[in-house]
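To start, the structure under review is shown below, and the notes come after it.
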Amino acid sequence: MSSESSKKRKPKVIRSDGAPAEGKRNRSDTEQEGKYYSEEAEVDRRDPGRDYELYKYTCQELQRLMAEIQDLKSRGGKDAAVEIEDRRIQSCVHFMILKKLNRLAHIRLKKGRDQTHEAKQKVDAYHLQLQNLLYEVMHLQKEITKCLEFKSKHEEIDLVSLEEFYKEAPPDISKAEVTMGDPHQQTLARLDWELEQRKRLAEKYRECLSNKEKILKEIEVKKEYLSSLQPRLNSIMQASLPVQEYLFMPFDQAHKQYETARHLPPPLYVLFVQTTAYGQACDKTLSVAIEGSVDEAKALFKPPEDSQDDESDSDAEEEQTTKRRRPTLGVQLDDKRKEMLKRHPLSVMLDLKCKDDSVLHLTFYYLMNLNIMTVKAKVTTATELITPISAGDLLSPDSVLSCLYPGDHGKKTPNPANQYQFDKVGILTLRDYVLDLGHPYLWVQKLGGLHFPKEQPQHTVIADHSLSASHMETTMKLLKTRVQSRLALHKQFASLEHGIVPVTSDCQYLFPAKVVSRLVKWVSIAHEDYTELHFTKDIVEAGLAGDTNLYYMALVERGTAKLQAAVVLNPGYSSIPPVFQLCLNWKGEKTNNNDDNIRAMESEVNVCYKELCGPRPSHQLLTNQLQRLCVLLDVYLETESHDDSVEGPKEFPQEKMCLRLFRGPSRMKPFKYNHPQGFFSHR
Amino acid sequence: MERAMPQAVPLGQMEVFQALQRLHMIIFSQNVSPCGKFLAAGNNYGQIAIFSLSAALSSEAKEESKKPMVTFQAHDGPVYSMVSTDRHLLSAGDGEVKAWLWAEILKKGCKELWRRQPPYRTSLEVPEINALLLVPKENSLILAGGDCQLHTMDLETGTFTRALWGHTDYIHCLALRERSPEVLSGGEDGAVRLWDLRTAKEVQTIEVYKHEECSRPHNGRWIGCLATDSDWMVCGGGPALTLWHLRSSTPTTIFPMRAPQKHVTFYQDLILSAGQGRCVNQWQLSGELKAQVPGSSPGLLSLSLNQQPAAPECKVLTAAGNSCRVDVFTNLGYRAFSLSF
């Protein structure tokens with residue numbers, strides 16, 4: 001009930017809030033309206049604490065009155081109704097007090113809320129202001145920082161330094177008095193100066209560009225002029241050909257050669273260039289030529305697209321053919337081998353002319369897949385040579401150049417990578433093919449600039465000019481010496497086979513005038529036969545009898561004495577001496593095992609060979625050694641002490657003049673011949 | 001025999017020449033150092049090589065230990081004979097005797113201490129010196145060789161005191177008879193002569209070839225080797241190897257060896273001899289062949305017994321001859337290894 005009434009009153013109360021305070025005093029007529037005004041004012045006047053006490057007291061009174069009424073009602077009686085009425089009126093009064101208190105409480109509440117609301121609104125307004133200000137502050141700060149960070153473009157320009165500026169700029173720009181003090185003005189002045197300079201340089205740049213255009217045009221013109229010159233020069237060259245031939249100056253020929261040389265593979269090219277250079281500079285007897293088909297060489301280097309087309313065509317063809325007939329595995333392998341051993345179509349021909357008009361013809365080939373060079377050699381002489389039987393191997397193309405350098409036998413490929421290639425196609429060694437392909441000597445590889453180092457196998461070996469040049473002179477000299485010594489041996493063998501030891505007149509002083517022992521036989525023997533002889537074991541063990549050497553047997557006789565001499569001829573004759581091993585058949589068989597003097601004879605011929613070399617180029621070594629052998633046999637036989645127990649005179653009377661017959665603990669015979677006194681003595 | 005594998009190395013001119021030199025080398029003489037640890041060997045090219053026996057005999061010997069420690073050119077001609085005093089090595093060959101200090105000999109570029117040439121009669125050819133003998137009591141050296149005389153040289157002053165004549169052909173070998181100081185010499189003329197050093201005269205002559213039991217005319221009459229044990233003497237060469245009783249000048253035992261012997265020596269109760277043929281022969285005094293131990297050279301020219309008291313571990317027999325190798329026998333029964341030039 002009270003709440004309903006307060007609800008009714010509330011709108012009224014609120015409405016009355018809007019009324020101004022003067023209205024309160026004006027409307028003091030109606031009690032209700034005066035009460036409204038006075039109630040609001042009353043609220044301010046009354047103390048809430050006392051109101052609360054009043055409320056509690058009123059509630060107590062009400063409870064008391066109710067309790068009394070109850071009492072009275074329960075007792076009954078007539079007075080009770082009046083008392084009850086009385087109490088009822090009192091409780092109504094109390095109720096009204098309560099209502100008033102309730103109203104006051106509501107009013108107080110409303111006032112409190114209004115005040116709070118106001119205050120809150122104020123606070124909100126301030127808050128809003130604060131936010132606005134803060135926002136502005138932030139904005140301004142951002143602007144400030146932006147301003148501070150602003151970099152003017154002028155700072156990016158690289159200006160000249162201050163000193164330079166003051167030095168170079170004209171005074172009307174630099175305005176020293178003004179700018180020195182004021183940095184702003186200084187910067188402005190500097191920028192001015194920068195601008196001026198740039199304008200000037202831009203001018204210059206444009207001028208230079210135009211110059212360049214002009215010069216380029218001039219160059220074009222001159223080029224055209226030169227290219228028009230070329231055909232004219234060609235015609236002049238053609239016209240001069242007959243003159244060249246007349247004067248023996250084959251420039252044109254050389255030119256053609258150089259043209260062909262361009263198609264040579266790199267090692268052959270290096271060889272060609274180096275040998276031509278060497279020939280022109282040092283050795284006029286050397287002549288170089290290129291042989292073979294240039295077209296084939298050009299055909300090797302077809303452009304890729306063409307070859308692909310070809311491949312596809314050939315693939316198609318191949319398919320057809322394989323359907324018809326499959327080649328056997330052997331034939332396939334054979335083809336692969338041929339492919340691997342294929343030679344480049346061009347080859348270089350070198351002709352070395354020696355003093356006696358004999359010529360060594362060398363043809364150099366290049367095996368493309370194996371990356372090695374080979375050489376074929378041929379010796380031709382001015383006059384026709386009749387080959388003695390024992391000299392068969394001396395000048396044969398197979399062995400004439402063997403071991404030009406020690407150990408260089410030319411039967412194995414020098415490129416270690418080739419072994420793997422060989423394994424794929426079943427080639428065991430190159431030795432089987434050297435007759436056909438030529439010998440891959442190491443010096444040939446060096447002349448072509450190819451170097452195969454053993455320790456670091458390389459994948460691609462390129463041809464090196466310096467390697468070729470460093471070996472050229474030595475190799476050429478060795479080649480010439482080799483040919484000449486072989487030819488000399490050739491002639492000597494012809495004489496030896498007839499039993500005559502050809503001693504030249506300038507070597508006669510090495511021997512006494514009368515030599516009785518004679519050479520009766522001179523034959524060549526095979527390597528295996530040499531190693532089987534019983535008196536050659538020492539040489540074989542010392543490693544001096546390899547299969548690259550040539551072996552011969554000589555027989556020297558005097559009376560009943562027969563001396564066999566087995567000779568090892570090293571391909572490096574005559575810088576490496578021939579080695580003799582002797583076996584004497586006279587009163588028993590004597591070799592170096594059982595006779596000290598036979599050892600001494602061998603020593604005289606083998607170890608003391610330097611005396612027998614004769615004048616350079618010492619081609620006389622072998623014949624001098626043979627002659628000395630005959631002399632030694634003479635001395636041996638003549639100085640043999642006479643056996644007292646045997647009857648009869650000595651078979652060989654002593655004709656040689658000797659100071660002493662024996663010397664030393666091993667009782668050596670006097671084998672050393674002294675010229676010109678002509679007597680024999682000991683070493 | 002040692003068989004070296006043929007080398008696969010390509011041989012240039014220098015290697016071929018060296019190989020040929022080694023093949024034709026003859027080692028004529030050997031001598032042991034006073035300390036017993038080194039062996040000197042002289043060859044026909046005039047070189048002397050010093051080998052270290054202690055290194056070669058030690059348990060960690062390698063191939064290099066069998067090579068000489070140093071080799072130097074001592075003479076122009078072959079080195080036929082060497083002896084050692086307690087400080088010097090004396091070598092002789094082509095007419096001169098040179099002395100080297102053992103203490104300095106291992107250093108490079110060793111030079112000879114002194115060299116002497118006995119007064120020779122002939123000047124056309126310088127005679128060789130085949131044998132050297134030390135006479136410790138007199139501190140002198142006896143040289144004998146190509147000029148058929150024995151020369152005595154005083155080691156302190158270097159002067160040649162005596163020249164003993166008598167041989168008609170050159171002298172091969174010498175031996176010293178200690179008790180009465182007498183020197184025995186054997187020569188190409190087939191005679192063994194005894195000389196008294198004090199009186200400088202020939203005391204006794206034994207012409208071996210005249211005795212039928214030992215002479216072998218097809219070999220010649222020359223006496224190549226001599227050894228003496230005061231009353232006894234063994235000699236060989238052209239005639240057979242024979243043991244002689246000196247006082248009576250009679251041959252007591254003939255050793256049945258066909259090949260001429262070039263070196264003979266007494267050792268304990270055996271006689272060791274070597275000569276043409278590979279083996280070192282060991283004989284009993286009765287004439288029986290006890291053992292024949294093959295060496296590595298086709299013929300032997302010298303034997304050397306290292307009996308120096310300072311190095312008992314190096315007590316070996318070394319044999320050298322017609323090769324560049326010196327065989328070392330640690331035990332007389334077999335060849336242990338070979339040193340080589």
Side-chain angles (χ1 to χ4, degrees), chain A residues 403 405-409 531 537-546 548 568 570 572 574-577 579 581 587-588 591-596 599-600 602-610 640-646 659-668 670 674 677 679 681-683, chain B residues 2-13 15-17 19-26 28-29 44-45 77-78 80-81 93 122 124-125 127-128 130-131 145-146 169-170 172-173 188 209 216-222 224-225 238 259 262-263 276-278 298-299 301-302 321-323:
Chain A
C403 292
Y405 289 92
D408 191 4
H409 49 72
T531 46
K537 297 267 180 297
D538 291 334
I539 298 288
V540 174
E541 272 174 18
L544 293 170
T548 50
V568 181
N570 193 295
S574 55
S575 56
I576 300 182
V579 180
Q581 288 285 83
K587 295 189 185 168
T591 64
N592 59 16
N593 272 338
N594 56 15
D595 190 333
D596 289 343
R599 264 180 88 85
E602 286 176 356
S603 180
E604 280 287 311
V605 177
N606 290 337
V607 179
C608 307
Y609 74 93
K610 291 208 172 109
E640 190 67 12
S641 52
H642 189 61
D643 189 355
D644 296 324
S645 64
V646 176
L659 288 177
R660 271 172 68 177
L661 285 185
F662 300 103
R663 191 180 197 254
S666 35
R667 304 176 73 237
M668 291 296 180
N674 294 298
Q677 301 92 345
F679 65 92
S681 61
H682 294 83
R683 275 201 192 267
Chain B
E2 260 175 351
R3 279 186 178 263
M5 293 308 293
Q7 299 140 300
V9 176
L11 296 177
Q13 187 190 13
E15 288 97 359
V16 168
F17 182 61
L20 287 173
Q21 266 194 322
R22 283 167 53 98
L23 275 176
H24 291 98
M25 193 183 289
I26 305 176
F28 280 111
S29 53
N44 60 332
Y45 300 120
Y80 286 129
S81 169
T122 58
L124 197 56
E125 191 185 295
E128 78 281 16
N130 281 326
D169 208 339
Y170 76 94
H172 274 276
C173 47
E188 182 73 15
Y209 65 97
R216 292 188 299 195
H218 55 273
N219 276 344
R221 51 168 84 165
W222 49 280
C225 53
K262 300 268 174 67
H263 193 110
Q276 202 177 312
R278 258 167 219 290
L301 286 171
S302 74
N322 285 343
S323 73

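Numbers restart at 1 for each chain; the letters A, B, ... are given by sequence-line order, proteins then strands.
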Any side-chain heavy atom of [X] within less than 4.5 Å of one from [Y]?
| X | Y | value |
| --- | --- | --- |
| Leu23(B) | Leu544(A) | yes |
| Pro577(A) | Leu20(B) | yes |
| Arg599(A) | Asn44(B) | no |
| His172(B) | Phe662(A) | no |

With a 4.5 Å cut-off on heavy-atom pairs, point out which of His24(B), Gln21(B), Gln276(B), Arg22(B) contacts chain A the most.
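Of His24(B), Gln21(B), Gln276(B), Arg22(B), His24(B) has the most heavy-atom pairs under 4.5 Å with chain A.
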Indicate the atoms forming the closest heavy-atom contact of [X] with [Y], along with that distance.
| X | Y | value |
| --- | --- | --- |
| Phe28(B) | Pro665(A) | CD2-CG, 4.1 Å |
| Tyr609(A) | Gln13(B) | OH-NE2, 3.8 Å |
| Arg667(A) | Asn219(B) | NH1-O, 4.4 Å |

Using a cut-off of under 4.5 Å on heavy-atom pairs, state which of Gly546(A), Gly572(A), Ala600(A), Ser575(A) scores highest against chain B.
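The candidate making the most pairs under 4.5 Å is Ser575(A).
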Which portion of Ser29(B) sits near chain A, non-hydrogen atoms under 4.5 angstrom:
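When you check distances to chain A, no heavy atom of Ser29(B) falls under 4.5 Å.
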So, the part of Tyr45(B) with a heavy atom under 4.5 Å from chain A: the answer is side chain
Is Glu188(B) salt-bridged to Arg660(A), cutoff N-O under 4.0 Å?
no
